[in-house]
Structure formats: C-alpha cells, structure tokens
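Here is the structure we will look at, set down as structure tokens.
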Amino acid sequence: MIASLFLTLKLAFITTLILIPICLSLCVWLYGPLTPIKRLVLSFLTLPLVLPPTVLGFYLLIFMSPNGFIGSLVNNIGITSLVFTFKGLVIASIIYSIPFVLQPMYASLSLIDKGFYETSRVLGKSKIFSFYMVLVPMAKYGILTSAVLGFLHTIGEFGVILMIGGNIPGETGVASVYLYDLVESLNYDEAHQLSAILIITSLAFLYVLYSLSRLVSGKKHG
Amino acid sequence: MVNLEANFQFNYENSSIDFNFSKINFNTPITGVFGHTGSGKTTLLECIIGINNINSGYIKLNDNDLVSDIKDTVVGHRGISYLAQHTYLFPHLTVFQNIIYPLGKKGQLDYANQLISMLSLSSLLSFYPNQLSGGQQRQVALVRALIAPHKILILDEPLSGIDKAAAVKINKIIKKHSGSLDKNVLYVSHNIYDLAKISNEILVIDNGANKYKDSTKSLLLNSEFSIAYLSEPISVLDSPTQVTNHGRGVNLFFNKIKVTAPNINDPNEANLIINSTDVSISLDKVDNTSISNQFPVTVIDIIDFPKHNSKLVILKSNEFILQSLITTNSLNLLELVVGEKVWCLFKASSLIS
C-alpha cells in the first residue's frame with residue numbers, strides 16, 4: 001500500500017512539475033484576442049475534461065505502442081516502450097491533466113486588466129518579459145490553484161492508467177488502481193485505510209489552497 | 001521635431017469615427033492636445049501607441065506608417081512613452097521597482113533618483129502602490145513614464161485627481177524633462193487652464209480631426225476658438241523681462257509695465273493666465289482702489305460672445321494683449337469703440353500660474 005501511495009505522489013509531482021511550464025508557455029501564446037486557431041487549440045486541450053477516460057486511454061494505448069506515433073517518436077531517443085511503464089504514465093497524466101491546469105491558469109491571467117500588460121509593453125518590454133514579470137506575479141494565486149488541481153487530479157486518475165499502465169507494483173501500480181484490486185479481492189480493511197488517506201490528503205491540499213485564497217484576497221482589500 | 005499624419009476609421013462597439021489628420025508638425029517641446037470629452041483624443045493616442053488597432057487606413061509618425069512599416073504593430077517599438085489616465089502601477093512591485101521597471105541593466109539610475117528627489121518620493125520607495133494616495137500613484141507613474149527611453153512622451157490628463165501643490169510639481173518636471181532631454185511631450189487635457197499653463201502650442205481635436213493648431217498665446221486670442229470651446233476666454237502673460245520678489249508676492253515687469261501677482265512658483269517659467277471676466281475696463285485711471293494692476297490700453301476689437309450674451313473686448317498695450325468679457329449693458333454704458341484708449345484693471349490674485 002505504501003509503495004502505491006509513494007508511486008502516486010511521485011507521478012502527481014512529476015506531472016505537475018512538467019505541466020506548469022507547458023501551460024505557462026501555452027498561455028503566453030493564447031494571451032490576447034482568441035483567434036480561430038487559438039480557439040481550436042483551446043478546445044482540443046479541453047477535450048480530456050469531457051471525454052470518458054477510457055476513450056483517452058484507448059487512443060494513448062495505440063499512440064504509445066512501439067509502432068504508434070508517440071511510441072516511434074520516443075524510440076528515436078532510446079526509449080523502447082512506454083506502455084505499462086512509469087514514463088508512459090507520466091505522458092498520459094500530462095495529457096489527461098492539461099485542462100485542469102490550463103483552464104484556471106488561463107482564466108486567472110485573462111481576468112487581469114490588460115492595461116498592466118500593455119503598460120509594460122509601452123515601457124519597452126518584450127511580450128515574454130511582460131508576461132512573466134507582470135501577468136504571472138499578478139496571477140500567482142490562480143497559477144497555484146492550477147498546480148494544486150493538476151496535482152490532485154493526477155492522484156485521482158484511474159481509467160487512463162488502467163488502460164495503458166496496468167497494475168505493476170512499483171512501476172504502474174498507483175493508489176487508485178491498487179484500491180480497485182483491493183476491493184476486487186475483498187480486502188476491505190486495507191481499502192478503507194487507503195481511501196481514507198487519499199481523502200485526507202486531497203482535503204488537506206484544498207483546505208490550504210482556500211486558506212491562501214483568503215489571505216491573498218484579504219491583502220488586496222487591506 | 002515630430003510630425004504626425006493620420007487617416008483611418010476606428011470602430012467602437014456600436015459606432016465608428018473617421019480620423020482625418022492632415023500632416024501636423026510638433027515644433028515645440030510641449031504640445032497641448034485639447035478637445036472635449038468624447039472628441040476622440042484618447043482613441044487617437046491609443047492608436048498611435050498601438051494599444052488600439054485601427055481597422056483601416058494609416059497613421060504616420062515621422063513619415064513612417066506605424067501599422068505597415070513597423071512589424072510589431074503593438075507598443076514598445078514605436079518610441080513612444082505613455083501615461084494613461086489609469087496609472088497601471090504594478091501592484092506586486094514596490095514604488096522603486098515600479099519606477100526603474102523601464103530601465104535596462106545599464107539604465108540611467110541617476111535620472112531616476114533626480115526625479116524621485118524632485119517629487120519628494122524618497123520616503124515612499126519601499127511602499128506598494130496600494131499604500132499610496134491617488135496623487136502619489138500618479139506621480140510615481142509619471143516618473144516611470146519619463147524614465148522610459150523614448151523620444152516622445154504622451155500624457156493623457158496627467159493632472160486628473162491631483163491636488164494643486166502636486167500639480168505644480170508635476171508640471172515643473174514635465175517642463176524640465178522636455179527642455180533638457182530634447183523630448184517631445186504631447187500633453188492631453190480637456191482643461192484649457194492646465195494646457196495654457198504649460199504648453200507652447202495647442203492642437204485642438206474635434207470629432208476625429210485637427211481643428212486648430214497654433215501657439216498657445218495665439219490660439220487663446222482666437223475668438224472663433226474661444227466662442228466654440230470655452231465658457232470664458234482667457235489670456236496668457238508670458239516671458240516677463242524681469243521678476244522681483246516682495247515677500248507676499250512677485251512683481252513681473254513687462255518692459256515698463258509692472259504686474260503684481262501672488263506668490264507663484266517659477267514666475268520666469270510659468271505661463272500666467274487670466275480669465276477675461278477678471279479684467280475690467282475703466283475710461284479713466286481709478287485712484288484709491290484696492291486693485292493693484294492698472295494699465296493704459298487700446299481697444300482693438302469688440303466681439304459678440306454668445307454664451308453669456310456679453311461682449312469680448314480685446315485690449316492691447318505695447319507689451320501684451322488682454323481680453324475682457326463684459327456685459328452688453330456695460331459696453332453700452334461706456335460707449336466703447338474700437339481704437340479708444342482706456343484703462344484695464346485686474347487684481348493680483350486673478351493671475352493663475
């Protein structure tokens with residue numbers, strides 16, 4: 001059980017760490033008027049939010065197989081197999097959790113009066129400099145929220161992992177899948193313990209997040 | 001020197017304005033941009049700067065088409081610094097960090113420090129913008145805009161919401177900045193007094209077009225302009241030949257004429273302005289009066305001023321021209337005619353700096 005929890009946290013942590021810069025870069029590009037191409041990309045990246053995880057898992061399984069698009073791509077850099085490996089889980093989690101990080105991040109950046117960004121541009125700073133030195137610090141709470149949501153959502157991932165990861169202890173046997181096995185084998189005691197730990201962990205993260213939000217908004221009006 | 005030419009259409013949410021500017025040269029350090037609220041001033045500026053994009057047509061600055069010649073149509077690379085009506089100080093940076101924001105690694109920190117001490121902002125440097133008053137925020141934003149290394153500075157209503165003492169300081173800095181650093185300032189305001197005090201020439205914008213452009217002094221003597229735009233005409237007294245201080249005020253000498261004025265900052269620098277309703281006319285010299293300023297002048301014109309059903313009398317001495325707004329009754333009583341020699345009178349306190 002401990003191994004599955006540790007693996008879950010490791011997966012969630014790595015996924016979040018990779019997703020934050022990816023989503024920030026996407027936001028740099030998305031910032032400003034939503035052109036048709038931006039709308040299309042945004043819709044596409046929101047798909048994992050609405051699709052059944054099994055649909056996503058099915059396509060990922062195909063793409064990540066050694067002859068698939070992603071599989072043959074990583075084959076070039078020496079990674080022979082993604083399916084049923086931890087690396088595969090990371091890639092799948094990144095794709096699966098993108099909307100949960102991108103949406104709150106994009107929303108909080110778009111909510112900032114664009115005059116601040118324009119002022120930075122007028123003062124002679126580049127788009128990227130203005131984005132990271134003005135918008136990102138001003139949206140830091142929104143970005144923190146997106147990181148926490150991405151992290152927690154990865155912890156809660158089940159369907160996709162079952163499709164492409166299986167349940168290999170220490171490699172792909174994360175907590176959610178391990179729990180499924182426990183219930184299947186009628187080991188209710190351990191299932192109770194694992195569920196409780198997951199609930200408490202997620203609850204604690206969300207509680208801290210909302211406490212921070214109170215602090216941040218309190219500072220604004222003070 | 002800067003020149004501007006524009007011809008474009010701008011679409012608002014449910015209306016559009018055609019901007020049609022024939023080529024204008026800005027020859028002087030400070031050009032006032034005057035127009036009523038809704039005349040298109042801010043829209044024009046935002047299109048020049050690049051915050052607003054024009055839908056069709058062109059804007060040329062120094063003969064460069066800002067939209068097609070310069071690849072990055074947005075801001076920053078057009079060489080224009082801008083102080084918007086909203087200060088947009090960055091809330092996560094301290095006052096000092098805000099001020100030096102435009103500077104690169106080898107920026108002119110000296111100039112920043114000079115401006116900071118001129119505006120007495122030193123004690124506020126470690127504060128955050130939300131800890132400052134509106135007037136202080138505006139001063140910080142002004143310093144930040146002045147520090148940006150651009151040749152042209154556009155200030156949109158820089159004195160709105162500012163108390164008088166701060167306004168004097170701000171005007172002084174703008175004047176110093178434009179004079180010493182060879183920069184062109186466009187000073188936008190709907191308040192003719194603010195413009196008369198500081199600008200060398202004034203551009204009048206109406207409905208997207210340049211209606212007038214003239215030196216401040218001449219424009220204010222243009223009765224067609226006064227009648228159309230001002231509730232009361234004003235005159236400018238500038239460039240005194242000598243200034244002496246006498247404790248409670250100053251004496252300004254325009255050659256042989258001595259004008260008494262209240263204590264004013266930099267009487268050599270400031271344009272002194274006077275409302276036409278504060279200038280009265282007498283046929284003879286008045287003795288035993290509290291009014292400190294009294295000069296012989298000649299009536300050179302009498303114009304109908306429809307707004308108050310009154311007459312605008314233009315008075316000329318060898319040194320300056322003043323305008324006096326009097327009722328039609330008074331005019332009839334004095335039986336004033338053009339060419340007549342009369343006395344004009346005004347209180348020292350009616351001179352505004």
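In the text below, chain A, chain B and the rest are named by the order of the sequence lines, each starting its count at 1. This one's a predicted model, so the numbers in the text were calculated from it and none came from an experiment. All values below were derived from every heavy atom in this structure, side-chain atoms included, with hydrogens, water molecules and symmetry-related copies excluded.
When all heavy atoms of B:Ala145 and A:Leu123 are compared, the pair lying nearest together is CA-CD2, 4.3 Å. Taking every heavy atom of both residues into account, B:His92 and A:Pro137 meet most closely at CD2-CB, 3.3 Å. Shown here for B:Leu103 and A:Lys125, the closest heavy-atom pair between the two residues is O-NZ, 3.5 Å. Taking every heavy atom of both residues into account, A:Phe116 and B:Pro91 meet most closely at CE2-CD, 3.9 Å.
A 6.0 Å sphere centred on NZ of A:Lys87 holds no more than 12 heavy atoms belonging to other residues, nucleotides or ligands. More than 12 heavy-atom neighbours from other residues, nucleotides or ligands sit within 6.0 angstrom of OH on B:Tyr58.
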Might you work through the side chain to side chain contact (heavy atoms under 4.5 Å, CB included) test for B:Tyr101 and A:Val134, ending with a clear yes or no? CA-CA 10 Å; B:Tyr101 186 85; A:Val134 174; 3.3 Å; yes
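Only the backbone of B:Leu89 comes within contact range of chain A, with heavy atoms under 4.5 Å apart.
Contacts of A:Thr8 classified as side-chain hydrogen bond (donor to acceptor under 3.5 Å, both in side chains), with partners at least two apart in sequence or in another chain: none. Not counting sequence neighbours, the partners of A:Phe158 by the ring-ring contact (aromatic ring centres under 6.0 Å, His included) test are A:Tyr180.
Using a 4.5 Å cut-off on side-chain heavy atoms (C-beta onward), A:Met133 and B:Phe90 make no contact. Using a 4.5 Å heavy-atom cutoff, the side chains of B:Tyr88 and A:Glu118 are not in contact. The closest side-chain heavy-atom distance from B:Ile49 to A:Val122 is below 4.5 Å.
Note: A:Asp113 CG to B:His86 NE2 = 5.5 Å, rounded to the nearest 0.5 Å.
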